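Heads up, the thing below is written out as structure tokens.
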Protein chains: 2
Amino acid sequence: MERKKIAIVGVGLIGGSLALQLNEKGLAARIVGVEANPEHAARAMELGLVDEMLPLEEAVAQSEVIILAIPVDKMITMLPGVLDKVTSQIVLDAGSTKEQLVNAVAGHPNRGRYVATHPMWGTEYSGPQAAVRHAFENKAVVICNAAESDEDAVAWVMQTYRKIGMHLLEMDAVAHDLHAAYVSHISHITSFALANTVLEKEREDEAIFEMASAGFESTVRLAKSNAAMWVPIFMQNRENVLDVLNEHISQLRKFKSCLEKENYEYLHELIENANKIRRILG
Amino acid sequence: MERKKIAIVGVGLIGGSLALQLNEKGLAARIVGVEANPEHAARAMELGLVDEMLPLEEAVAQSEVIILAIPVDKMITMLPGVLDKVTSQIVLDAGSTKEQLVNAVAGHPNRGRYVATHPMWGTEYSGPQAAVRHAFENKAVVICNAAESDEDAVAWVMQTYRKIGMHLLEMDAVAHDLHAAYVSHISHITSFALANTVLEKEREDEAIFEMASAGFESTVRLAKSNAAMWVPIFMQNRENVLDVLNEHISQLRKFKSCLEKENYEYLHELIENANKIRRILG
């Protein structure tokens, strides 16, 4: 596979980790960074994540592949403009929502050069210093609406994700957003709300923090996630997230009702049903 | 510190991991297991967790320390009977709820020989095969109502927990149960309910499981936890768990309301408030 000149727009957790992995696997001839936050730009250079920082327009002109890894609200604003500027380049994004983004460029004369993707990996941290080696390995990446993209662009993107160790899933953007609400977005809302539940209590008593256990840490760690990244995701996937959130609240109410009515047989059933998640988590 | 003859009642995740750690640190002259489940008994012997299996009565008679590590409903039934049989032995438990247990032996003539403890460690797995080395290290252990226990018993228990690497917290059983509801019990309910939310959806579509990410795994892994252990915990800590669950549902409703009303400024605030959990999780 020929090494390409790659521009990464947004050298944070995702863009930075992609840069590390593209270098590690020898897939990039050169990586140019584009970064609106000057501190992040300086840090990304210090960390050697990219070879050079350039303004967007120059980066697009000098690269064969442009990867967008910025919050999904900024993505929607930026993607049509980037497509205006490309000729034969491949453009892909790594955003957590897909429907609105795909709609934003439907009918664009260069739509074929764009491949909509969502590599299903992340952590609760952000910025270039959060980038980690060997990220994405053994994780899923979703390719959406591949039929709307040029074959050569899809082929390069798929091959690249495979080379960095991901397994590919294809689906349309609408289905992606629904599924993402279940396997990612709701987990974040639950975690944020759980953190707020405990923080509300903490005003009264500091002792609980000394007791915080591994189970607690596991369920609330996502609550450290960045608002600038997550608010736009919830905005763009509002209807699906609301549906899942309603379902989740109604599942919690079943637990509440069991406790209120002291119906411990049903509580046992609810827990045994939840245990079936072993099938998915392994 | 003189090695003691120790009986562990319930050689599962907690009892088995304690056995490993007591041996590792050279704190036990001999460990006798008591186990109602014959398969678990056989497995615990195979794994070398204990030196011998004995019926409860003999184990109590032959040991200097008796550690109860069984589900909290069984604990309440068993503890008074064990105290009936002890003379100079030390009895401690490792249960997740404390108030009802302490009340069940208040006024018992041998109350002083019993120390109520909750080592704040566990995993979502159960049984002797779930026991792990170096468990409990750098975790908190809560000692409850220490003034009701004999000084020598408290001293040995505290020294032992310190030697296996835990840091001690002292509080009364009522306070413990309230705090445990916040830092442990609610996380489990959230996780069970989240698993059921996703499993409800799964009837319609299998694709979401291929997309399950690390964030999802983190928030639902506790949903694999055992009903036989958790139903009695929720029963015994019913009022606190209900209070926290109500608070959690009301926190989730704030997220729901933000999405319904498209109030993204407040959503941003809720997330930034949740980020303060960094202070606790580090």
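To find a chain, count down the sequence lines: A is the first, B the second, and so on, and within it residues start at 1. Note that this is a predicted model, so its numbers are computed, not measured.
- Using a 30° and 60° split on the angle between ring planes, B/His248 and A/His248 fall in the perpendicular class, above 60°.
- Of the candidates A/Ile189, A/Thr190, A/Leu242, B/Phe255 forms a side chain to side chain contact (heavy atoms under 4.5 Å, CB included) with just one, namely A/Ile189.
- Within the model, atoms CZ of A/Arg278 and OH of B/Tyr125 stand 8.5 Å from one another, a figure rounded to the nearest 0.5 Å.
- The two residues B/Tyr182 and A/Thr197 have their closest heavy-atom pair at CE2-O, 3.8 Å.
- Looking at B/His167, the atoms closer than 4.5 Å to chain A (heavy atoms on both sides) all sit in the side chain, from C-beta outward.
- When the candidates A/Met120, A/Glu272, A/Met235, A/Lys139 are compared by the number of heavy-atom contacts under 4.5 Å with chain B, A/Met235 comes out ahead.
- Heavy atoms of B/Val141 lying under 4.5 Å from chain A are absent altogether.
- The residue among B/Ser225, B/Ser184, B/Ala140, B/Gly122 with the most heavy atom pairs within less than 4.5 Å of chain A is B/Ser225.
- Looking at B/Val142, the atoms closer than 4.5 Å to chain A (heavy atoms on both sides) all sit in the side chain, from C-beta outward.
- A/Glu262 contributes atom CD, which lies 15.0 Å from atom CZ of B/Phe234 (distance to the nearest 0.5 angstrom).
- Atom CZ of A/Arg253 is separated from atom CG of B/Asn246 by 10.0 Å, given to the nearest 0.5 angstrom.
- Partners of A/Glu269 under the side-chain contact (heavy atoms from CB on, under 4.5 Å) rule, at least two apart in sequence or in another chain, are A/Tyr266.
- Neither the backbone nor the side chain of B/Ser250 has a heavy atom closer than 4.5 Å to any heavy atom of chain A.
- If you measure heavy-atom distances from B/Glu260 to chain A, the contacts under 4.5 Å come from both the backbone and the side chain.
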With side chain to side chain contact (heavy atoms under 4.5 Å, CB included) as the test, would you mind laying out the steps for A/Lys201 and B/Glu247 before giving the verdict?
CA-CA 9 Å; A/Lys201 171 66 190 168; B/Glu247 174 67 27; over 6 Å; no
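- Heavy-atom minimum distance, A/Ala227 versus B/Asn275: N-OD1, 4.5 Å.
- When all heavy atoms of A/Ala223 and B/Ile277 are compared, the pair lying nearest together is CB-CG2, 3.9 Å.
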Mind running side chain to side chain contact (heavy atoms under 4.5 Å, CB included) on A/Tyr264 and B/Arg238 for me, showing each step along the way?
CA-CA 11 Å; A/Tyr264 298 116; B/Arg238 175 175 170 264; 3.2 Å; yes
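- Counting heavy-atom pairs closer than 4.5 Å to chain A, the top residue among B/Leu245, B/Val244, B/Thr123, B/Val241 is B/Leu245.
- When all heavy atoms of B/Thr219 and A/Ser187 are compared, the pair lying nearest together is OG1-OG, 2.9 Å.
- Shown here for A/Ala228 and B/His268, the closest heavy-atom pair between the two residues is N-NE2, 4.1 Å.
- Across A/Met171 and B/Met211, no two heavy atoms sit closer than the pair CE-SD, 3.6 Å.
- Screening residues 160-170 of chain B for salt bridge (charged side-chain N to carboxylate O under 4.0 Å, His left out) gives no qualifying pairs among residues at least two apart or on separate chains.
- Formation of a donor-acceptor pair under 3.5 Å by the B/Asn273 side chain with backbone atoms of A/Asn196 is not found in this model.
- The most heavy-atom pairs under 4.5 Å with chain B, out of A/Ala180, A/Ser218, A/Ala195, come from A/Ser218.
- Crowding of A/Glu239 atom CD: a count of heavy atoms from other residues, nucleotides or ligands under 6.0 Å not exceeding 12.
- Looking at B/Leu194, both its backbone and its side chain come within 4.5 Å of chain A, counting heavy atoms on both sides.
- Proximity to chain A involves both the backbone and the side chain of B/Leu252, based on heavy atoms less than 4.5 angstrom apart.
- Within a 6.0 Å radius of NZ in B/Lys254, other residues, nucleotides and ligands contribute more than 12 heavy atoms.
- For B/Leu222, the part lying under 4.5 angstrom from a heavy atom of chain A is the side chain only.
- Looking at B/Ser191, only its side chain comes within 4.5 Å of chain A, counting heavy atoms on both sides.
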